[in-house]
Amino acid sequence: MIVLGWLSQGMKFYGLIEGGGTKIVVAVAASSGDIIARHRVPTTEPAETLQACSRWFRAQDMTLEAIGIAFFGPLDLDPNSSTWGRITRTTKPHWSEVDVAGHFAADFDCPIAIETDVDGAAIGELTWGAGRGHSSLLYVTIGTGIGGGFASKAGLLRGLSHPEMGHIRSPRHRDDSDFPGICPFHGDCLEGLASGPAIIARWGKSLSELPSDHEAHDMIGWYLGQAVCSFQAIMEPAAIVLGGGVMQTSGLLETVRATARYAGGGYFVGDPGTIVVRPGLGDNSALLGALSIAKKASAAR
C-alpha cells in the first residue's frame, strides 16, 4: 500500500547496491530518498552472489529508473574503457576481473551507474549526512578492508583511477615490529595492519571481542590516527567520517582522534577532535550515495 501511494504521487524507483567484502545490501529507494525495501546477500562466489541480487530485484516487481552500485574494488571506472565496471586486482578471493556493472546491465533494461563503496558513502555523507553544509568530506571505512573516498562540491577525487587509501604505508607501532601484515600485495600497508581480518590474524578475535584493556585497542587506534594525520596533510578535508565494522568498537574513535591530534602537532587547520566523526547516515551512507549516482544516470539517459 505504501508503494501504491508513492506511485499515485508520481514517484520513481531506483535499485541500489552496496557491495562489501562480507555482504551485499540490495535495496529499492523512491526518488524522495526513502528506502522502501532492502535485503542482505552474503558475499560468496561472484556468480552466486550477483545472481541472488538480481533475483531479489526481480521479485520486487517494480520498474527501476536506474541501478546505482557502490561496490568494493579496485574498479575500472573509466567510461571509455572496454572493462568499465569490472573489479580489477582485488584482495577478495575469486572476485578479480568480475564484471559487476555488466551483470546488471544484462539483467535489467535501465541505466547502470557504479562507483566504489567508499566513494558512494562519501557522496551520501556529503549530500545528506555528516558532511552536509561542508565543502568537502573524506569517508574511510575500516572493516573487511580499508578504503577511502574524497568528495567535494567539485566532485570525486580521481586520478588514473580512484584512490586506494587503505594501501598507504604506515610507520610501525613500537610494539608491532613482528607482524608481517596480511595484504597479499603490500604486506604491512594500512589495510594489512589494521583491517578486521588483520586484527583476527594477529589476536584471534575481532577488536570488539577483545578486553577493553587489550593492547590491540591502542595499537589499532594508533594506526588509524596516523592515517588520519596523513590524509589531513594531503587533502585537509572539512570532515573525516570513519565507518565500517571495526569502528563500532567502543572507545576506538576517541583513541583515533587523540592519536591524530598528537601526530599532527597542531599544524593542520582541522582539529581531529571535531572533524573526525561517525557516519551521519548510519548504515545508509553508501546506499544513499548509490541513489545519488543512479538518479544522475537516469537524468542523463
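In this chain, residues are counted from 1 in sequence order.
A pairwise comparison of heavy atoms in Asp99 and Arg86 identifies CA-CG, 3.6 Å as the closest pair. In terms of heavy atoms, Gly166 sits closest to Cys189 at O-SG, 3.9 Å. The two residues Ala70 and Ala286 come nearest to each other via the heavy atoms CB-O, 3.9 Å. Of all heavy-atom pairs spanning Pro211 and His217, the tightest one is O-NE2, 2.9 Å. Listed here is the closest heavy atom pair of Ala30 and Leu291: O-CD2, 4.2 Å. Here the shortest heavy-atom pairing between Pro111 and Ser298 reads CG-CA, 4.3 Å.
Under the 4.5 Å side-chain criterion, counting only non-hydrogen atoms from C-beta, Cys110 is in contact with Ile67. Annotation: side chain of Ser292 is not in contact with side chain of Tyr14 (no heavy-atom distance under 4.5 Å). Counting only heavy atoms from C-beta outward, the side chains of Ile220 and Trp203 approach each other to under 4.5 Å. At a threshold of 4.5 Å between non-hydrogen side-chain atoms, the residues Asp107 and Leu50 do not count as touching. Put simply, the side chain of Pro163 does not reach to within 4.5 Å of the side chain of Phe150, judged on heavy atoms. In this structure, Ser208 and Thr249 have side chains that are in contact, with non-hydrogen atoms separated by less than 4.5 Å. Side chains of Arg89 and Phe185 form a contact here, defined as non-hydrogen atoms less than 4.5 Å apart.
Screening residues 173-184 for side chain to side chain donor-acceptor pair (under 3.5 Å) gives His173-Asp218, Asp176-Arg202, Asp176-Tyr223 as the qualifying pairs, with residues at least two apart or on separate chains. Residue pairs satisfying the side chain to side chain donor-acceptor pair (under 3.5 Å) criterion with at least one member in residues 127-146, sequence neighbours excluded, are listed as follows: Thr22-Thr144. Here side chain to side chain donor-acceptor pair (under 3.5 Å) pairs that include residues 256-268, with residues two or more places apart or in two chains, are Arg261-Asp271.
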Handout entry: Steps toward side-chain contact (heavy atoms from CB on, under 4.5 Å) verdict (Leu157, Met235)
Key = CA-CA 10 Å; Leu157 177 64; Met235 291 169 283; 4.1 Å; yes

Practice task
Please test Ser32 against Met11 for side-chain contact (heavy atoms from CB on, under 4.5 Å), starting from the C-alpha separation and ending with a verdict.
Solution key: CA-CA 7 Å; Ser32 61; Met11 283 290 183; 3.4 Å; yes

Practice task
For Leu252 and Leu224, run side-chain contact (heavy atoms from CB on, under 4.5 Å): C-alpha distance rounded to whole Å, both residues' side-chain angles, the deciding distance at 0.1 Å, then the answer.
Solution key: CA-CA 9 Å; Leu252 181 59; Leu224 297 177; 4.2 Å; yes

Practice task
Report the C-alpha distance between Leu193 and Arg172 in whole Å, list the side-chain angles of each, state the deciding distance to 0.1 Å, and finish with yes or no for side-chain contact (heavy atoms from CB on, under 4.5 Å).
Solution key: CA-CA 9 Å; Leu193 292 172; Arg172 298 298 293 251; 3.8 Å; yes

Exercise for the section: Decide side chain to side chain donor-acceptor pair (under 3.5 Å) for His103 and Ser54; before the verdict, give the C-alpha distance in whole Å, the side-chain angles of both, and the deciding distance to 0.1 Å. Expected result: CA-CA 9 Å; His103 169 88; Ser54 289; 2.9 Å; yes

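Using modelled atom types, one side-chain atom of Glu236 and one backbone atom of Val269 make a donor-acceptor pair closer than 3.5 Å. Lys92 contributes a side-chain N or O that, together with a main-chain N or O of Gly21, makes up a donor-acceptor pair within less than 3.5 Å. His162 places a side-chain N or O within 3.5 Å of a backbone atom of Leu75 that can act as its donor or acceptor partner. A side-chain donor-acceptor contact under 3.5 Å links Gln232 to the backbone of Gly270. With hydrogens and angles ignored, the 3.5 Å screen pairs a side-chain donor or acceptor of Ser230 with a backbone N or O of Gln226. Ser96 contributes a side-chain N or O that, together with a main-chain N or O of Thr90, makes up a donor-acceptor pair within less than 3.5 Å. Side-chain N or O atoms of His214 include none that pairs as donor or acceptor with a backbone N or O of Leu207 at under 3.5 Å.
Considering only residues two or more places apart in sequence or on other chains, Ala201 meets the side-chain contact (heavy atoms from CB on, under 4.5 Å) condition with Phe179, Ile182. When the ring pair (Phe, Tyr, Trp, His ring centres under 6.0 Å) test is applied to Phe72, the partners found at least two apart in sequence or on another chain are Trp95.
For Arg169, the CZ atom counts as densely surrounded, since its 6.0 Å shell holds more than 12 non-hydrogen atoms of other residues, nucleotides or ligands. More than 12 heavy atoms of other shown residues, nucleotides or ligands fall within 6.0 angstrom of atom CG in Asp78.
Linking Ile, Leu, Val, Met, Phe, Trp and Tyr whenever their side-chain heavy atoms come within less than 4.5 Å puts Ile114 and Val41 in one cluster. Under the 4.5 Å side-chain heavy-atom criterion for grouping Ile, Leu, Val, Met, Phe, Trp and Tyr, Leu137 is not connected to Ile240 through any hydrophobic cluster. No continuous path of ILVMFWY side-chain contacts below 4.5 Å connects Val25 to Met247, so the two sit in separate hydrophobic clusters. Taking hydrophobic clusters as Ile, Leu, Val, Met, Phe, Trp and Tyr residues chained together by side-chain heavy-atom distances below 4.5 Å, Leu253 shares a cluster with Leu210. Cluster membership check: Ile87 shares its hydrophobic cluster with Leu77, using side-chain heavy-atom separations under 4.5 Å among Ile, Leu, Val, Met, Phe, Trp and Tyr.
With rounding to the nearest 0.5 angstrom, the CD atom of Glu18 is 10.5 Å from the CZ atom of Arg40. Atoms CZ and OG1, on Phe13 and Thr63 in that order, are 9.5 Å from each other to the nearest 0.5 Å. Separation of atoms CG (Leu287) and CG (Asp117) is listed at 11.0 Å; rounding is to 0.5 Å. Once rounded to the nearest 0.5 Å, the distance linking NZ of Lys205 with CD1 of Ile200 reads 11.5 Å. The distance from the OG1 atom of Thr255 to the CE atom of Met219 is 13.0 Å, given to the nearest 0.5 Å. Taking NE2 of His39 as the reference point, atom CZ of Phe57 lies at 10.5 Å (rounded to 0.5 Å).
Taking the six-membered ring where the residue is Trp, Phe108 and Phe104 present parallel rings, their angle staying beneath 30° rather than reaching 60°.
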Tell me which donor-acceptor pairs under 3.5 Å the side chains of residues 118-125 have, and how far apart each pair is, sequence neighbours excluded?
unit_1: Asp119; atom_1: OD2; unit_2: Thr116; atom_2: OG1; d: 3.4
unit_1: Asp119; atom_1: OD2; unit_2: Arg158; atom_2: NH1; d: 2.8
unit_1: Glu125; atom_1: OE1; unit_2: Ala130; atom_2: N; d: 2.7
unit_1: Glu125; atom_1: OE1; unit_2: Gly280; atom_2: N; d: 2.9
unit_1: Glu125; atom_1: OE2; unit_2: Gly280; atom_2: N; d: 3.2
unit_1: Glu125; atom_1: OE2; unit_2: Leu281; atom_2: N; d: 3.0
unit_1: Glu125; atom_1: OE2; unit_2: Ser285; atom_2: OG; d: 2.5

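In the model, Thr49 has a side-chain atom that pairs as donor or acceptor with a side-chain atom of Thr44 under 3.5 Å.
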